[in-house]
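Letters A, B, ... mirror the listed sequences (proteins, then strands); counts begin at 1.
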Protein chains: 2
Amino acid sequence: MIFSCKPKLVLTDKQKTLIEKIGISYESEGLQPVAGRILGLLYVSDNPHLTFDEITEALQISKSATSNGINLLLQMQRIEYITFSGDRRRYFRLKVSNWREEFKHKIEVMAGFNSLMREVLALRTKETPEYNERIKELADFLDYVFQQLPLLLQQWDQEKTRKS
Amino acid sequence: MIFSCKPKLVLTDKQKTLIEKIGISYESEGLQPVAGRILGLLYVSDNPHLTFDEITEALQISKSATSNGINLLLQMQRIEYITFSGDRRRYFRLKVSNWREEFKHKIEVMAGFNSLMREVLALRTKETPEYNERIKELADFLDYVFQQLPLLLQQWDQEKTRKS
DNA sequence: CATTAAGTTCATAATTTTATGAACTAAAAA
DNA sequence: TTTTTAGTTCATAAAATTATGAACTTAATG
């Protein structure tokens, strides 16, 4: 083996703190703790490509925890990996460009809630018109947002193109 | 005591199913199961005002679970209650009109994540300009959305006023 | 004054989530 | 062929979350 006595990944205290903060932020959105911290690490680490072992060591977690976390994030399309011939390891990195998909996904979650509101409206007694009207207002607003957000994305793209 | 041999709250199967679905939806956003189900019940129930006991019975949960759930939801401003003189019970109801606040709150959560991204940018090595640029793009987009969403609310209000 | 009604509190039980370490696999290197 | 590397799998341990029931509180009723 010719290459790569890779210098061991060392993190400053600031980096560690920020990784934790990012981890907690993802955790509070429902992601598993380890997975959130892996994302944090990939955001913060000087090298955007990290191996399985580097992740395991940097976060001081077990190999199984790393394995779980990585596979979850791969499946969620939050990370991906590249390889180099003659090197069996995978080099994981964020799919940062994927924020578009994430954004759309969030909109879909919102839409899912809204379809529940429509079910509520269909099922509710007609004896409470004011109350039903308020639920309808909520549903209508969500529809409105749902309809406008893709436009926002478009406008953003246009501004980008104009600038470059 | 003169009044109110209230007819016992009975739920159809459809209602029960929808309550569960709404409960799960809230649960997946991080709310406690019982709290999510209480919200579901208040959405679905013919009577939008329910007492502590009605909630306990309808959901078949313990008094302490009801107490916890209700207090959490009160504190989160997701429900409120009214009272009638000569009746010690509280009548709980959704703060449906509160979706505005919720919406704003979600935007704030997004903004919180974004400030983490700004921290990341400040801390990252300058050796990876392309990568940093992609993170910056994400942060900029989130800023853009953050700035545009209140405008959406305004536009919605205007449309509303125009209609009525 | 005793009782009931409307809840709250708290210790504990049940469940779920998360992480671990040891054993395993499959491919590459020696 | 043996060893090493890069992981995976699985049984279990540890921790956190949730729900329960019994005892308690506080105000109103009889």
Side-chain angles (χ1 to χ4, degrees), chain A residues 1-6 8-9 20 23-24 26-41 49-76 79-93, chain B residues 1-6 8-9 19-20 23-24 26-41 49-76 79-92:
Chain A
M1 160 114 50
I2 306 168
F3 36 159
S4 92
C5 121
K6 276 188 94 179
K8 200 187 153 193
L9 173 57
E20 282 312 293
I24 287 170
Y26 277 112
E27 209 177 320
S28 75
E29 282 182 36
L31 200 60
Q32 295 175 1
V34 162
R37 261 137 264 239
I38 292 176
L39 291 180
L41 175 62
H49 293 93
L50 298 181
T51 64
F52 188 101
D53 269 336
E54 284 174 320
I55 294 170
T56 305
E57 284 210 12
L59 297 181
Q60 303 265 53
I61 54 181
S62 67
K63 289 209 292 174
S64 22
T66 308
S67 181
N68 274 332
I70 278 176
N71 288 322
L72 176 64
L73 293 171
L74 281 172
Q75 188 204 309
M76 292 175 80
I79 62 174
E80 62 190 348
Y81 61 86
I82 53 173
T83 50
F84 302 98
S85 65
D87 184 349
R88 196 146 44 115
R89 287 168 294 183
R90 293 176 292 177
Y91 289 79
F92 298 97
R93 68 178 173 199
Chain B
M1 162 119 44
I2 307 168
F3 35 159
S4 91
C5 121
K6 273 189 95 177
K8 200 186 153 191
L9 174 57
I19 290 169
E20 282 312 293
I24 288 171
Y26 276 112
E27 209 176 320
S28 74
E29 283 182 35
L31 201 60
Q32 293 174 3
V34 162
R37 260 138 266 241
I38 292 176
L39 291 180
L41 175 62
H49 294 92
L50 299 181
T51 65
F52 188 101
D53 270 335
E54 283 173 321
I55 294 170
T56 305
E57 283 211 12
L59 297 180
Q60 303 266 53
I61 55 182
S62 65
K63 287 208 293 174
S64 22
T66 308
S67 181
N68 274 332
I70 277 176
N71 288 322
L72 176 64
L73 293 170
L74 281 173
Q75 188 204 309
M76 294 175 78
I79 62 174
E80 61 190 349
Y81 61 87
I82 53 173
T83 51
F84 301 97
S85 65
D87 184 349
R88 195 147 43 116
R89 287 169 293 184
R90 294 176 292 176
Y91 290 78
F92 298 97

| task | Look only at the side chain of A/Ser67 and the backbone of A/Lys63, and say whether a donor-acceptor pair between them is shorter than 3.5 Å. | result | no
| request: Record whether the side chain of A/Ser67 comes under 3.5 Å of the base of D/dG7 through a donor-acceptor pair of N or O atoms. | output: no
| So, does the side chain of B/Arg88 form a donor-acceptor pair with the base of C/dA5 at under 3.5 Å? | yes
| message | Starting the side chain at C-beta, find the nucleotide from C/dG21, D/dT8, C/dG7 nearest to A/Ser64. | response | C/dG21
| task | For A/Ile61, answer base if it contacts any base atom (sugar-phosphate contacts may also be present), sugar-phosphate if it contacts only those atoms, and nothing otherwise; contact means non-hydrogen atoms under 4.0 Å. | result | sugar-phosphate
| query | Do A/Thr51 and A/Phe92 touch side chain to side chain, with heavy atoms closer than 4.5 Å? | reply | no
| message | I want to check something: taking the side chain as every heavy atom from C-beta on, are A/Leu39 and A/Ile79 in contact at a cut-off of under 4.5 Å? | response | yes
Write down the distance between [atom1] ([X]) and [atom2] ([N]), rounded to a whole number of angstrom.
X       : N      : atom1 : atom2 : value
A/Lys63 : D/dC10 : NZ    : C1'   : 14 Å
A/Gln60 : C/dT20 : CD    : P     : 10 Å
A/Asn71 : C/dA19 : CG    : P     : 15 Å
B/Asp53 : C/dA5  : CG    : C1'   : 9 Å
A/Ile38 : C/dT18 : CD1   : C1'   : 13 Å
B/Asp87 : D/dA27 : CG    : P     : 17 Å

May I ask you to verify if any side-chain N or O of [X] is less than 4.0 angstrom from the OP1 or OP2 atom of [N]?
X       : N      : result
A/Arg89 : D/dT5  : no
A/Ser62 : C/dA19 : no
A/Arg90 : D/dT8  : yes
B/Asn68 : D/dA19 : no

Closest heavy-atom pair and its distance - [X], [Y]:
X       : Y       : result
B/Thr66 : B/Ile38 : O-CD1, 4.3 Å
B/Ala58 : B/Leu41 : CB-CD2, 3.9 Å
B/Leu73 : B/Ala35 : CD1-O, 3.6 Å

| message | With a sphere of 6.0 Å drawn around CZ of A/Phe52, does it hold more than 12 non-hydrogen atoms of other residues, nucleotides or ligands? | response | yes
| task | Nearest-nucleotide wise, let me know which of B/Ala65 and A/Ile70 is further upstream toward the 5' end of DNA chain D. | result | A/Ile70
| note | Whether each nucleotide of nucleotides 12-18 of chain D has a protein heavy atom under 4.0 Å at its base (B), only at its sugar-phosphate (S) or at neither (-) is summarised, 5' to 3', as ------S
